[in-house]
4 protein chains.
Amino acid sequence: MARPRDPEKRRAILEAAIAEIAEVGLGAATAKIAKRAELAEGTLFTYFSTKDELLNELYAELKNELYALINRSFPHKASLEQRAWHVWSCSLGWSIEHPAHRKVSVQLNLSDAVTAETRERTVEARGAVDTLFAEMDERESLRGMPKGFGAATMSAMQEATMDFAARSPRQRKMLVERGFRLYWRAVR
Amino acid sequence: MARPRDPEKRRAILEAAIAEIAEVGLGAATAKIAKRAELAEGTLFTYFSTKDELLNELYAELKNELYALINRSFPHKASLEQRAWHVWSCSLGWSIEHPAHRKVSVQLNLSDAVTAETRERTVEARGAVDTLFAEMDERESLRGMPKGFGAATMSAMQEATMDFAARSPRQRKMLVERGFRLYWRAVR
Amino acid sequence: MARPRDPEKRRAILEAAIAEIAEVGLGAATAKIAKRAELAEGTLFTYFSTKDELLNELYAELKNELYALINRSFPHKASLEQRAWHVWSCSLGWSIEHPAHRKVSVQLNLSDAVTAETRERTVEARGAVDTLFAEMDERESLRGMPKGFGAATMSAMQEATMDFAARSPRQRKMLVERGFRLYWRAVR
Amino acid sequence: MARPRDPEKRRAILEAAIAEIAEVGLGAATAKIAKRAELAEGTLFTYFSTKDELLNELYAELKNELYALINRSFPHKASLEQRAWHVWSCSLGWSIEHPAHRKVSVQLNLSDAVTAETRERTVEARGAVDTLFAEMDERESLRGMPKGFGAATMSAMQEATMDFAARSPRQRKMLVERGFRLYWRAVR
DNA sequence: GATGAATGAGGTTTCATTCAT
DNA sequence: TATGAATGAAACCTCATTCAT
């Protein structure tokens, strides 16, 4: 049970879950997910004891994936704006390159299946992003607001930007840049 | 003539659907919804021939509810900022007063069950809000961006603000105001 | 209840039932039948207290319709073969002209919803047909067989003939005649 | 490998379906069929993905059962009459021994649930019966009639014969023989 | 460990019939 | 008498999960 040792199968299940959920929503059948991963129905349950557990792991995986991407090339010494831009552009780049991942991520964010505990668990992976937003929360524009407001704002504006970027591939670059300009005007 | 269809029952079903969906998501069982509305299982289907139809009507109802509220006291002659503030504060006020309505609205926004046709149908109800955002899209900060970007940005930032307001009832007023300030700095 | 006095509505329901059952089978919904008769759902039940009763009445109606047709122009004094031909050609003519009636009749013949009592009740309407078949059962070819065997044989062979006639409208006349020749060779 | 699909369970479902349909018609509930086969409701659907598929398979099964019986002891070298008699007596024997099978077969013959494709599929199983009827269609009595008319006639007359045989077990042998004599007089 | 058949609760929808209007 | 809304028992089918192989 616990954590059997074929990581490729585990990955295959997670990928299949992403593809399936992107297509039909969180109601995706475990049997379909397993088949898409080219595994038997039952096998899924040796890797994730419950559908809810799969969903929680998936949530964590997606968050980690994104944060890993951001942290890999994080310009620790750059200006606040440049660091904010890094986070913004990495996030949107990821969303654009992996639309299914993003779609599932949005659904999981809203789902009650993902526990508070899981959500907290992913906080640890944020690394440099955390210090960035801590710094931002100190700026005049956000002073006095609850912790995390700056991050939530960025996330919200990314959502909005993504919706348009998804519809107009040609204008992506422009939208990402202008979107950031708007964001930066708000919190600068 | 037989007993006419009872608008109160229709409402009761919609209210029950809101409550139920807020609790368990769009997977809410029609049987549970009917029971919550104190009606027999089958009765639901004389008012909405399909669960999908119920969901679509619910979407329209919620949108109309909000837009009606906004339009009722719309300050047509006020400055752009004041009108934007009106929309912002009405929307957040509504979300705060009817958290279940908002929760369901968010879920429906993302659901494939709500058809493009339904979404277009609600556009008509927007009234003064439309002209406001058309005007905003002309401003320097948004010029060149796709139509609707300003509205999407407001909506996104409201989401973010709401998440915090929901958690800290005490700070609501402050959050709503400061949230708007941030928004306005971005698009002004 | 019993037998209310708008015979046109009664007829309308029976006709609608024929059309509906021909299309979707005996599972046809009473509500659909009523609507097709341009009546309200409930009205059907003031004319037929039960769906089963409707089915039984329909069975009787269809049988009577056919027997009335046969008896209307029955050549009482003609030869046995000529009288048999009359029955054969009337029956097939009716089936060809009213394919839905025939289709429903076949279904009702097999259905348990039609009671033995109803089946017996229609025997009375047979009139001249009965004496014809009684006479036929006396012939050498059928002597010793149970009563009604000649009639059943004709009915069966009509079914077979009809199936082909329905598929090849052009050959109808020929099929009806040759079919009868086959039948007559068997029982003559 | 997991437990393989169990052919006995498949059979059990088909048998249960026959029994149930013979009792209540094609409207027989899948749940009742499953219970009668001593299986869980859901299990039925691992063997037949749909009620319609079950019905189609059942149709094929019944046809094959009968044709297998006929072909097993088919007197290929006998005279036309003797071969016709073989088909006639095997068919009626089967109907008499398995009245439920026959009842269901008749219902399925008329049902729209059985697709044209399924019907064609069973043609292949007919084997020697096909050549017999092809030969018969060439005889003077049937010449010029559509292909299959001889077979349809036999089938129709068997139906008639069966109805009487079912009611008078004592006279079965006589009815089967005399029935064939009538048939043979017709098509000879 | 991997497989997929087995399970039965639960989901949506249909429908004959009743009954307030 | 006519109407059609109300009812709730089925009906068919799906699905997470278990367990024999």
Side-chain angles (χ1 to χ4, degrees), chain A residues 1 4-6 9 24 27-35 37-55, chain B residues 1-6 9-10 24 27-35 37-54, chain C residues 1 4-6 9 24 27-35 37-55, chain D residues 1-6 9-10 24 27-35 37-54:
Chain A
M1 204 176 295
R5 70 180 162 286
D6 188 343
K9 288 198 178 131
V24 309
T30 52
K32 285 251 184 69
I33 293 171
K35 176 175 274 182
E38 295 181 280
L39 294 170
E41 290 180 48
T43 305
L44 187 150
F45 291 94
T46 81
Y47 288 84
F48 305 93
S49 63
T50 264
K51 188 184 179 183
D52 269 18
E53 188 184 310
L54 167 60
L55 260 21
Chain B
M1 215 170 313
R3 194 180 337 182
R5 221 175 286 196
D6 180 349
K9 289 200 177 123
R10 198 188 122 94
V24 308
T30 51
K32 288 252 183 68
I33 293 171
K35 175 172 276 182
E38 296 183 280
L39 294 168
E41 283 182 53
T43 304
L44 186 150
F45 293 94
T46 81
Y47 288 84
F48 306 93
S49 61
T50 266
K51 187 184 178 182
D52 268 19
E53 189 183 310
L54 168 59
Chain C
M1 204 176 297
R5 68 177 162 289
D6 188 343
K9 289 199 179 131
V24 308
T30 52
K32 285 251 184 68
I33 293 171
K35 175 174 275 183
E38 295 180 282
L39 293 169
E41 289 178 48
T43 305
L44 187 150
F45 291 93
T46 80
Y47 288 84
F48 306 92
S49 63
T50 263
K51 188 184 178 181
D52 268 18
E53 187 183 312
L54 167 60
L55 259 21
Chain D
M1 217 170 310
R3 196 178 336 181
R5 222 175 283 196
D6 180 349
K9 289 200 177 124
R10 199 188 121 93
V24 309
T30 51
K32 287 253 183 66
I33 293 171
K35 176 174 275 182
E38 294 181 282
L39 293 169
E41 283 182 53
T43 304
L44 186 150
F45 293 96
T46 83
Y47 288 85
F48 306 93
S49 62
T50 267
K51 188 184 178 182
D52 268 20
E53 189 184 309
L54 168 59

Would you kindly give the [atom1]-to-[atom2] distance between [X] and [N], to the nearest whole Å?
{"X": "D/Leu54", "N": "F/dC12", "atom1": "CG", "atom2": "P", "value": "10 Å"}
{"X": "B/Ile33", "N": "E/dG11", "atom1": "CD1", "atom2": "P", "value": "11 Å"}
{"X": "D/Arg10", "N": "E/dG4", "atom1": "CZ", "atom2": "P", "value": "19 Å"}
{"X": "D/Arg5", "N": "E/dT3", "atom1": "CZ", "atom2": "C1'", "value": "13 Å"}
{"X": "B/Arg3", "N": "F/dT7", "atom1": "CZ", "atom2": "C1'", "value": "10 Å"}
{"X": "D/Asp6", "N": "E/dT7", "atom1": "CG", "atom2": "C1'", "value": "16 Å"}
{"X": "B/Lys35", "N": "E/dG11", "atom1": "NZ", "atom2": "P", "value": "11 Å"}

What's the separation between atom [atom1] in [X] and atom [atom2] in [Y], rounded to the nearest 0.5 Å?
{"X": "A/Glu41", "Y": "A/Lys32", "atom1": "CD", "atom2": "NZ", "value": "11.0 Å"}
{"X": "D/Leu39", "Y": "D/Ile33", "atom1": "CG", "atom2": "CD1", "value": "11.5 Å"}
{"X": "C/Thr43", "Y": "C/Lys35", "atom1": "OG1", "atom2": "NZ", "value": "13.5 Å"}
{"X": "A/Tyr47", "Y": "A/Lys9", "atom1": "OH", "atom2": "NZ", "value": "5.0 Å"}

Within less than 4.0 Å of OP1 or OP2 of [N], is there a side-chain N or O belonging to [X]?
{"X": "B/Lys9", "N": "F/dA6", "value": "yes"}
{"X": "D/Thr30", "N": "F/dC12", "value": "yes"}
{"X": "B/Lys32", "N": "E/dG10", "value": "no"}

field: Crowding at CD, C/Glu38 (>12 non-hydrogen neighbours, <6.0 Å)
entry: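 Open: at most 12 neighbouring heavy atoms sit under 6.0 Å from CD of C/Glu38.
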query: With sugar-phosphate meaning primed atoms plus P, OP1 and OP2, does A/Ala28 contact a base, only sugar-phosphate, or nothing at under 4.0 Å between heavy atoms?
result: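 Sugar-phosphate, backbone atoms only, no base.
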Given DNA chain E, 5'-ward residue of the pair B/Ala31 and C/Lys51, judged by closest heavy atom: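 The residue closer to the strand's 5' end, by nearest nucleotide, is B/Ala31.
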message: Could you check whether any side-chain N or O of B/Arg5 sits under 3.5 Å from a backbone N or O of B/Thr46, counting only pairs where one atom can act as donor and the other as acceptor?
response: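 Indeed, once roles are kept as given, a pair shorter than 3.5 Å links the two residues.
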message: For the backbone of A/Ala28 and the side chain of A/Lys51, can you confirm whether one donor and one acceptor N or O come within less than 3.5 Å of each other?
response: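 Judged by distance alone, yes, a pair lies under 3.5 Å.
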field: Closest heavy-atom pair and its distance - B/Ala34, B/Ala40
entry: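 Result for this residue pair: CB-O, 3.7 Å.
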query: Heavy atom of residues 38-49 of chain B under 4.0 Å from DNA chain F: which residues?
result: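 DNA chain F contact set from residues 38-49 of chain B: B/Leu39, B/Ala40, B/Glu41, B/Gly42, B/Thr43, B/Thr46, B/Tyr47.
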Watson-Crick or G-U stems involving DNA chain E, each at least 3 pairs long, distances under 3.5 Å, ordered by first number: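 Consecutive-pair runs (3 or more) involving DNA chain E: E:2-21 with F:2-21.
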